[in-house]
Each structure stands twice: as C-alpha cells, then as structure tokens.
Amino acid sequence: MKAIVVGAGISGASAAFLLKKLNYDVLVIEKLRIGGKAYSVAQNGYVIETGPNGFLENKKEILNLVYESGFEKELIEANKESQRRFIYSKNKLWELKNNPISLLFNGFFSIGGILSFLEEPFVRPLLEDETVEDFVLRRFSKEMLNKLIGPMVCGVFAGDPSRMSMESNFPRIKEVEKEHGSLIRGLIDLMIKRKARASSAKGSLSANLLSFKNGVLSFIEHLLNGVDVVFDEIGEITKNEKFYLKGKTANYSADIIVFAIPSYALTKVFWDADREFAKAVSSVEYAPMSVLAFGFNKEGLPDIVNSFGYLFNLEEIEDIIGVLFDSSIFKGRAYKDKMLIRCMVGGALRKNSPFKSNLFEIGIKELQRSASIFLPPEFFYKLVHPKAIPQYSLGHKNVLNSVKDFEDKNKGLFITGNAFWGISLNDCVKASYDLIERVGG
Ligand SMILES: Cc1cc2nc3c(=O)[nH]c(=O)nc-3n(C[C@H](O)[C@H](O)[C@H](O)COP(=O)(O)OP(=O)(O)OC[C@H]3O[C@@H](n4cnc5c(N)ncnc54)[C@H](O)[C@@H]3O)c2cc1C
C-alpha cells in the first residue's frame with residue numbers, strides 16, 4: 001500500500017515514520033524545508049533553534065517516539081541550574097518561584113491583585129467556553145491578566161488572550177474549574193497529589209524540558225531516514241477513482257494521503273475540491289513571529305543570563321514577547337565561553353513587529369532595557385515566520401468537527417498538523433499516533 005504525507009514538519013515526519021512501521025510505502029512531499037517550524041541552524045559554534053527549543057517530559061508521546069525510533073542517545077535535559085524564570089514588570093525582573101503564593105507577598109501584585117486572588121474560590125464556575133481574557137477577568141483581575149497569565153499565554157502561544165478559546169487551549173484548566181468550583185482549590189489539590197506522587201517515586205515536582213544534542217531538526221531528519229522525500233508544493237487535489245495531488249513539478253497518487261500542512265495551505269489545496277471544508281479550516285488564523293539569536297562573549301554578562309529567561313507584563317511589551325537564555329538552558333548550544341540568547345518578536349499582540357527592518361537594533365535595545373546587557377553581540381541570526389503559530393479562538397471546536405466530518409466523508413484522506421489538535425511538539429506527535437489508529441481502523 002502506498003501512502004503520501006504532505007508536509008515534513010514534526011507532524012508529517014512522525015506520521016511518515018509510523019506509517020512506514022505499518023509497512024506502507026511512504027512518500028513525503030515538502031514545499032520548503034524538512035523540519036517546518038522546527039528548524040535548527042548550526043553556525044559559528046552556535047546551535048540555533050528558529051522554532052521550538054524542546055518538549056516537556058511529562059507527556060509521553062514524543063518520548064515514546066524517540067525510543068521507538070532509536071534516537072534516545074541524542075536526548076539532552078535542560079540544566080537544573082537554569083530553571084529560574086522571570087517576568088519583566090515595572091522596570092524590573094521578578095522571579096517566578098515554584099510556589100505562586102510567593103508572588104503575592106513580594107510586591108509584584110498590588111493589594112487589589114492580592115484580593116482578587118483571595119476572592120477567587122468564591123467565584124462561580126462557568127460551563128461554557130470563553131476567551132482566556134474573559135476567564136481571567138471573571139476569576140481574578142486585569143492585573144493578573146497583564147502580569148502573569150497574559151505573559152505566559154503570549155510566551156507559549158504567541159497569542160492574544162482576548163481571542164483565544166479557554167477550552168481549546170487550556171482544556172485541563174476549564175476542567176479543574178468545573179470539578180473543584182475554583183481554580184485555586186483545584187490547583188492546591190493537584191499540587192498535594194503531585195507532591196505525594198513525586199515523593200513516593202522520588203521524582204521531582206516539575207516536568208523536565210528535553211531536547212536533542214544537535215537541535216530538534218535532527219530528530220525530524222532521523223524520523224525521515226529511509227523515507228522518500230521530494231520537494232514540491234501541492235496546489236490542488238482531484239478525485240477520479242483515486243485521489244490525485246497536483247504539485248508544481250509532478251502529479252502524485254496513493255492509497256492514502258495524510259495532510260500535515262498549515263490550515264491556510266489546506267484551504268488552497270481543497271478550494272475547488274471541497275469549498276466548505278476549505279472555508280472551515282481557513283478560520284484558523286496565525287500569529288507572526290521573528291526569532292532573533294544573539295551570540296555574546298560570556299564574560300561580563302549579568303547573572304540573569306544563567307537563568308531560563310523571561311516574559312513581559314503585557315502593558316510593557318514593545319516588540320519582544322520573550323527572551324530565552326538558550327545556552328544556559330541546554331548544554332552545547334554555544335561554546336563554553338559564549339552565550340546564545342534568543343528573542344521572540346511579535347505574536348498576535350504585536351503583529352507588525354516581526355516585519356520591522358531594524359530587528360537587530362530592537363533586540364539590542366530590549367536586552368539593554370530589560371536585562372541590562374550592554375556588551376555588543378559577536379553574532380546575530382534571524383528568521384521571520386510570517387505565520388508562526390496557529391491561534392485556537394472561540395469556535396475552534398467547530399473546525400475540529402469539520403475535520404472529523406471531512407475524514408468520514410473521504411476515506412483514505414487524513415488531516416493532521418498543529419492547526420488542529422495542539423501546537424506543542426508533544427501534541428503534534430500525539431496527533432500522529434491518533435492518526436495511525438484511524439488509518440489502522
Ligand atoms: C518560534 C516558535 C517557537 C516554538 N517553541 C515551541 C517549544 O518550545 N515547544 C513546543 O513544543 N512547541 C513550540 N512551538 C510550536 C511547534 O514548533 C509547532 O507547532 C510545530 O513544530 C508545528 O509542526 P507541524 O509539522 O504541525 O507544522 P510545520 O512545522 O508548519 O510543518 C508544515 C510543513 O508543511 C509544508 N507545506 C506547507 N504547504 C505545503 C504544500 N502545499 N505542499 C507541500 N508542503 C507544504 C511546510 O513547508 C512545512 O514544512 C514553537 C513554534 C514557533 C514558531
């Protein structure tokens with residue numbers, strides 16, 4: 001049986017690997033580059049991630065795939081010493097300790113912010129979906145949104161809290177609210193249970209961040225070892241007994257076809273073949289982002305560079321939404337006497353920023369303002385992602401239903417990718433395992 005996978009990001013590569021294990025004869029068709037958003041670049045002794053820098057150990061799917069594909073020797077774990085994270089607010093960096101209660105009494109929040117925290121257990125739960133902003137305003141306060149939840153949402157999803165769906169992005173938190181009536185009560189309960197589990201298993205409370213010695217791309221390339229890959233852009237699909245894909249350089253057909261491409265690319269491919277589906281998936285919007293990588297001589301840099309990194313109070317974002325001290329997080333990202341710092345620019349809240357012509361100056365100015373880094377960098381690299389991260393807004397559930405209906409209607413066609421089932425590397429790999437079940441069934 002022949003299978004075609006369109007798209008060679010983590011979603012397509014993991015699906016291709018798993019299909020090969022099912023004895024399919026697999027062809028991957030990729031428009032631009034293997035890795036998609038997960039593209040790693042080795043230059044001047046630096047290993048630069050232009051997309052994801054790792055994945056959490058607490059979800060099993062990607063780790064399963066690492067072991068299943070025999071890539072475990074390449075795994076690396078984030079340095080324990082670099083776990084400190086900060087929020088830039090009121091012109092200074094505030095440390096986020098493991099225990100969120102500590103933030104209540106160190107001057108980070110105003111009295112009003114503290115009161116909203118204490119009142120939260122008495123706020124009634126809401127069963128319907130709502131935006132992240134509405135959720136935080138209903139249960140806490142504007143201050144909590146700007147200083148804590150907003151920066152995290154912005155840092156992880158490059159998202160706009162006023163557009164993002166709670167249920168589609170944070171289903172577990174909505175469940176906790178429903179189960180316990182209060183987020184704080186639910187979180188305390190979870191922490192107690194986790195602590196008990198961690199101490200009985202002699203484990204740690206927080207999940208480790210993992211990556212690969214030579215970057216995330218090395219894993220995707222490994223998954224595609226032994227799989228045929230052609231570079232072509234699929235523009236159209238037609239059906240005549242079998243499905244036919246029209247590329248720019250050739251036409252292709254197979255018994256099954258897996259699409260692991262962004263939603264806007266799906267819209268283009270299916271515009272003539274299934275207008276309703278094409279329109280349904282086009283409602284997933286993308287936030288743009290640029291990734292700036294600065295290399296420094298380590299000597300003379302402030303102590304903050306030995307931490308994980310920091311996010312920004314939403315009211316104090318200029319262009320950059322997060323700063324990561326990559327070579328402190330993972331060994332081998334720079335020579336010992338060098339430091340690799342990545343700045344994430346833009347996202348849904350600063351849509352024009354990634355396209356500015358003076359990104360180098362923007363990065364330098366931000367590192368001076370927020371981290372007191374005044375030394376000149378010895379290296380600079382940037383990559384602009386015009387459509388970096390898909391945004392799951394209210395109504396995302398309808399998009400997922402359209403995808404399910406589409407697969408039911410079109411036996412042999414399968415849809416995956418980060419536009420639908422979650423944006424993390426873990427989610428993308430889990431979606432491939434789920435897809436394989438559907439193929440098998
Ligand atoms: C800057 C950044 C930082 C991130 N950080 C993290 C992180 O730390 N941890 C984490 O878990 N996740 C992170 N993410 C999210 C994660 O990297 C992505 O969600 C994931 O890599 C997406 O994989 P994918 O295969 O679904 O899509 P993509 O990587 O977008 O792959 C889709 C592929 O399809 C190809 N394609 C498109 N159209 C066509 C066509 N018509 N024909 C053929 N091929 C086509 C594209 O060229 C591309 O290669 C980050 C994302 C970004 C952008």
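Note that ligands are numbered from 1 as they come in the structure, with each ligand's atoms numbered from 1 the same way.
- Residue contact check: E233 has heavy atoms under 4.0 Å from atoms 41 (N), 42 (N) of ligand 1.
- Using 4.0 Å as the threshold, D232 has a heavy atom nearer than that to some atom of ligand 1.
- Both tests pass for R33 against the ring of Y39: distance under 6.0 Å to the centre and angle within 45° of the axis.
- No side-chain donor-acceptor contact under 3.5 Å links S282 and Y264.
- Below 4.0 Å from some heavy atom of K37 lie the following atoms of ligand 1, by number and element: 21 (O), 28 (P), 29 (O), 30 (O).
- Between D274 and K409 a salt bridge is recorded (basic side-chain N to carboxylate O distance below 4.0 Å).
- Counting atoms of ligand 1 from 1 in the listed order, those under 4.0 Å from a heavy atom of N418 are 18 (C), 19 (O), 22 (C), 26 (O).
- For the pair N426 (side chain) and L56 (backbone), a donor-acceptor distance under 3.5 Å is present.
- Here's the thing with H385: none of its N/O atoms is less than 3.5 angstrom from an N/O atom of ligand 1.
- Using a 3.5 Å distance cut-off with no hydrogens or angles, the side chains of S14 and S432 do pair a donor with an acceptor.
- Of the protein's non-hydrogen atoms, G54 O, 3.0 Å is the one closest to atom 9 (N) of ligand 1.
- Assignment of E49 to the shell around ligand 1 is not supported, since no heavy atom sits closer than 4.0 Å.
- Contact analysis puts G35 in contact with ligand 1, with a non-hydrogen atom separation below 4.0 angstrom.
- Close contacts between ligand 1 and N53 involve ligand atoms 7 (C), 8 (O) [criterion: under 4.0 Å to a heavy atom].
- From the protein, the heavy atom lying nearest to atom 35 (C) of ligand 1 is E30 OE1, 3.3 Å.
- If you check which protein heavy atom lies closest to atom 18 (C) of ligand 1, you get I423 O, 3.4 Å.
- Taking the charged nitrogens against the carboxylate oxygens, E378 and K338 do have a contact shorter than 4.0 Å, which makes a salt bridge.
- Among the atoms of L425, some N or O lies under 3.5 angstrom from an N or O of ligand 1.
- A donor-acceptor pair under 3.5 Å links the side-chain atoms of T267 to the main chain of S263, judged by distance alone.
- For the salt bridge (Lys or Arg N to Asp or Glu O under 4.0 Å) criterion with E167, the lone passing option out of K174, R172, K397 is K397.
- Residues N79 and K331 have side chains that never bring a donor and an acceptor to within less than 3.5 angstrom of each other.
- Considering V132, T131, V136 as possible partners of D134, the one that fulfils the side chain to side chain contact (heavy atoms under 4.5 Å, CB included) test is T131.
- Among the atoms of I234, some N or O lies under 3.5 angstrom from an N or O of ligand 1.
- For atom 43 (C) of ligand 1, the closest heavy atom belonging to the protein is K31 N, 3.4 Å.
- The residue from L367, L311, V345 that alone fulfils the side chain to side chain contact (heavy atoms under 4.5 Å, CB included) condition with I320 is V345.
- Contact check on R438 versus E407 returns a salt bridge, with a Lys/Arg side-chain nitrogen under 4.0 Å from an Asp/Glu carboxylate oxygen.
- Close approach of ligand 1 to L32 (heavy-atom distance below 4.0 Å) involves ligand atoms 47 (O).
- Every atom of ligand 1 with a heavy atom of M289 under 4.0 Å away is listed here by number and element: 1 (C), 2 (C).
- Between the choices P390, G417, P262, G7, the shortest heavy-atom distance to atom 37 (C) of ligand 1 belongs to P262.
- Counting the atoms of ligand 1 from 1 in the order shown, those under 4.0 Å from a heavy atom of A265 are 38 (N).
- Proximity annotation for atom 7 (C) of ligand 1: of S11, G9, S14, P52, P52 comes nearest, heavy atoms only.
- Of all the atoms in ligand 1, the ones that sit under 4.0 Å from a non-hydrogen atom of R33 are 49 (O).
- Between I10 and ligand 1, a contact under 3.5 Å exists for at least one N or O pair.
- Nearest residue to atom 32 (C) of ligand 1 from G12, G422, A260 is A260 (criterion: closest heavy atom).
- The two residues Y24 and K2 make their nearest non-hydrogen contact at CD2-C, 4.2 Å.
- Taking only nitrogen or oxygen atoms, main chain and side chain alike, I389 does not reach within less than 3.5 Å of ligand 1.
- Among all heavy-atom pairs drawn from P171 and N169, the shortest one is CD-C, 3.3 Å.
- For atom 39 (C) of ligand 1, the nearest non-hydrogen atom of the protein is I261 CG2, 3.7 Å.
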